[in-house]
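Structure first, commentary second.
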Protein chains: 2
Amino acid sequence: MNLLADQPERPRERADAARNRARVLEAAAGLFTSRDPRTVTMDDVAKAAGVGRGTLYRRFPDVASIARALLDEHERALQEKLLRGEPPLGPGAPPAERLAAFYAAMVELLDAHIALVLGAETGPRRFETGAYGFWRAHVRALTAEHTTTVAAGAEVDALADVLLAPLAPELFERLRADGRTTTEITATLTNLAHRVLP
Amino acid sequence: MNLLADQPERPRERADAARNRARVLEAAAGLFTSRDPRTVTMDDVAKAAGVGRGTLYRRFPDVASIARALLDEHERALQEKLLRGEPPLGPGAPPAERLAAFYAAMVELLDAHIALVLGAETGPRRFETGAYGFWRAHVRALTAEHTTTVAAGAEVDALADVLLAPLAPELFERLRADGRTTTEITATLTNLAHRVLP
DNA sequence: TCAACAAGTGGACACTCTGTCCGCTTGAGA
DNA sequence: TCTCAAGCGGACAGAGTGTCCACTTGTTGA
């Protein structure tokens with residue numbers, strides 16, 4: 001998902017279909033942010049959007065996929081910055097700096113769209129999404145760049161996942177609910193980045 | 001949960017009730033380990049145990065609570081070792097050593113009982129369980145002990161949660177499915193422990 | 001040994017959500 | 001304006017949940 005721009009040239013979407021797609025996304029966005037996104041059902045979305053269940057299922061297999069569609073553009077934007085943006089987020093800075101910048105950007109993204117991220121996670125799990133694969137590849141590259149010793153093959157793989165673990169959305173939600181500010185969270189992660197990749 | 005031994009002196013359980021409780025736990029243990037624990041339903045357990053739904057609901061509000069009951073004794077054993085066992089797991093060793101030992105013990109526990117841990121997590125979230133609170137307090141104490149500077153109040157709080165994040169059961173499951181051995185995972189976490197609490 | 005009765009049992013019920021199916025409607029190209 | 005595939009939406013069957021309550025059974029005191 002969201003690694004390359006799609007839209008090759010399918011038969012072209014009918015006007016009413018496009019209108020309904022927009023309605024669905026708008027209604028879903030409202031539902032996700034107005035209550036616990038994990039309790040939103042397909043039926044809720046259909047009702048709120050004023051379309052039938054069949055219509056909804058025609059495009060989205062489940063609620064998570066709707067949340068993912070909404071989240072997609074934001075994740076894409078960050079991915080772009082990681083690949084081609086200015087340092088320290090983009091290439092050029094030392095690994096620790098880049099990791100810290102990535103953490104900061106992810107915290108920002110989580111803070112802005114936590115409802116969508118939580119909604120996107122119900123059902124099939126987080127690690128299966130294409131976005132997770134991207135973050136993982138990024139962090140893996142940073143740690144590999146840092147680790148001069150060659151021996152650490154599997155080590156680097158596992159480390160990438162371990163370094164992504166603190167970005168688990170439920171954890172973020174929990175920290176925020178406990179009164180931690182995003183500034184504090186970012187500070188902690190920055191610290192972590194510099195200790196792990198000194 | 002599971003911080004202090006309960007069983008004060010309730011009216012005493014009837015013999016048939018005790019028998020059914022045992023049946024339920026045994027049947028549930030079988031179900032959890034023989035397929036994806038997140039798909040086990042109350043109905044399944046009732047059927048497998050040969051009791052009615054009402055009987056099952058009398059004791060356990062949901063499947064997660066059954067998994068937790070099964071997991072309880074194992075967690076209790078580890079908690080005991082952390083509080084009063086030999087170093088480096090128990091008190092006496094430097095923080096980094098203790099954290100590494102804790103990681104190793106948790107990986108062992110996850111490896112032995114991953115099905116139960118995953119089953120215990122469906123529904124209400126992981127962070128709400130008493131066990132998580134215990135691990136958190138432990139790690140928090142270790143980091144606080146290490147951090148000589150006093151300024152780091154909130155920092156230490158968030159750090160404890162961040163250091164626990166790599167122990168998320170879904171992540172463990174994923175790493176194992178990817179072919180990582182527990183040895184590799186433990187090595188990575190030991191490394192992390194020594195870098196964060198040098 | 002035997003009531004008496006509280007504790008325990010289990011299945012029926014009413015709900016909610018899911019995912020599919022299919023007859024009807026409608027937009028867009030000829 | 002006609003045609004028809006794309007699109008629509010509600011009905012339906014299936015699975016799971018949690019509750020309720022009439023029936024059964026273990027335990028206790030006489």
Side-chain angles (χ1 to χ4, degrees), chain A residues 6-28 30-32 34-69 118-125, chain B residues 6-28 30-32 34-69 118-125:
Chain A
D6 37 9
Q7 246 121 340
E9 51 171 296
R10 21 187 131 150
R12 171 97 170 281
E13 192 176 45
R14 248 170 62 170
D16 53 347
R19 178 167 35 80
N20 277 341
R21 148 172 278 124
R23 267 195 206 166
V24 164
L25 290 177
E26 192 183 330
L31 286 177
F32 283 135
S34 69
R35 55 160 148 140
D36 186 332
R38 284 161 294 211
T39 68
V40 175
T41 72
M42 288 296 263
D43 229 45
D44 292 335
V45 177
K47 287 249 174 41
V51 305
R53 306 175 50 64
T55 306
L56 189 51
Y57 275 103
R58 157 171 284 265
R59 293 192 222 310
F60 302 102
D62 50 41
V63 245
S65 68
I66 305 177
R68 248 179 277 130
L118 288 171
E121 251 187 40
T122 63
R125 292 301 188 203
Chain B
D6 36 8
Q7 245 122 340
E9 50 170 297
R10 21 188 130 148
R12 173 101 170 278
E13 193 176 46
R14 249 169 61 168
D16 54 347
R19 179 166 34 82
N20 276 341
R21 147 171 280 124
R23 267 194 206 165
V24 164
L25 289 177
E26 193 183 329
L31 287 177
F32 283 135
S34 69
R35 55 160 149 142
D36 186 333
R38 284 161 294 210
T39 69
V40 175
T41 72
M42 287 297 262
D43 230 43
D44 293 334
V45 177
K47 285 248 175 39
V51 305
R53 304 174 52 64
T55 305
L56 188 51
Y57 274 103
R58 159 170 283 264
R59 293 191 224 308
F60 302 102
D62 50 42
V63 247
S65 69
I66 305 178
R68 248 178 277 129
L118 288 171
E121 251 185 39
T122 63
R125 291 302 187 204

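Chain identifiers are assigned alphabetically (A, B, ...) following the order of the sequence lines, protein sequences preceding nucleic acid strands; residue numbering begins at 1 within each chain.
When all heavy atoms of A:Met42 and A:Asp62 are compared, the pair lying nearest together is SD-C, 3.6 Å. Listed here is the closest heavy atom pair of A:Ala28 and A:Ile66: CB-CG2, 3.5 Å. Considering all non-hydrogen atoms of both residues, B:Ala120 and B:Ala67 come closest at N-CB, 3.5 Å. The nearest pair of heavy atoms linking B:Leu118 to B:Arg38 is CD2-NH1, 3.7 Å. Shortest non-hydrogen contact noted between A:Glu13 and A:Ala17 is CG-CB, 3.7 Å. In terms of heavy-atom proximity, B:Arg23 sits nearest to B:Gly50 at NH1-O, 4.0 Å.
For DNA chain D, the neighbouring residues in residues 34-48 of chain B, judged by any heavy atom under 4.0 Å, are B:Thr41, B:Met42, B:Asp43. Against DNA chain D, the stretch residues 50-59 of chain A makes heavy-atom approaches under 4.0 Å through A:Val51, A:Gly52, A:Arg53, A:Gly54, A:Thr55, A:Arg58, A:Arg59.
With values rounded to the nearest 0.5 angstrom, A:Leu31 atom CG is found 9.0 Å from A:Thr39 atom OG1. Atom CD of residue B:Glu26 and atom CZ of residue B:Arg21 lie 14.5 Å apart, to the nearest 0.5 angstrom.
Nucleotide C:dG19 holds its P atom 11 Å from the CD1 atom of A:Ile66, rounded to whole Å. Atom CZ of A:Arg19 and atom P of D:dC8 are 8 Å apart (whole Å).
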Using the 3.5 Å cut-off, write out each protein N or O paired with an N or O of nucleotides 28-30 of chain C and the distance between them.
unit_1	atom_1	unit_2	atom_2	d
C:dA28	OP1	A:Ala15	N	3.1

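Between A:Arg58 and A:Asn20, the closest side-chain pair of non-hydrogen atoms is not below 4.5 Å. Using a 4.5 Å heavy-atom threshold, the side chains of A:Val24 and A:Thr55 count as separate.
End-to-end axis angle of the helix from C:dT1-D:dA30 to C:dA30-D:dT1, using five pairs per end and rounding to 10°, comes to 10°.
For B:Thr41, the side-chain hydrogen bond (donor to acceptor under 3.5 Å, both in side chains) criterion is met by B:Asp44, not counting sequence neighbours. Annotation: salt bridge (Lys or Arg N to Asp or Glu O under 4.0 Å) contacts of B:Asp16 (sequence neighbours excluded): B:Arg14.
Remark: A:Asn20 is in phosphate contact with D:dC8, judged by side-chain N or O atoms under 4.0 Å from OP1 or OP2.
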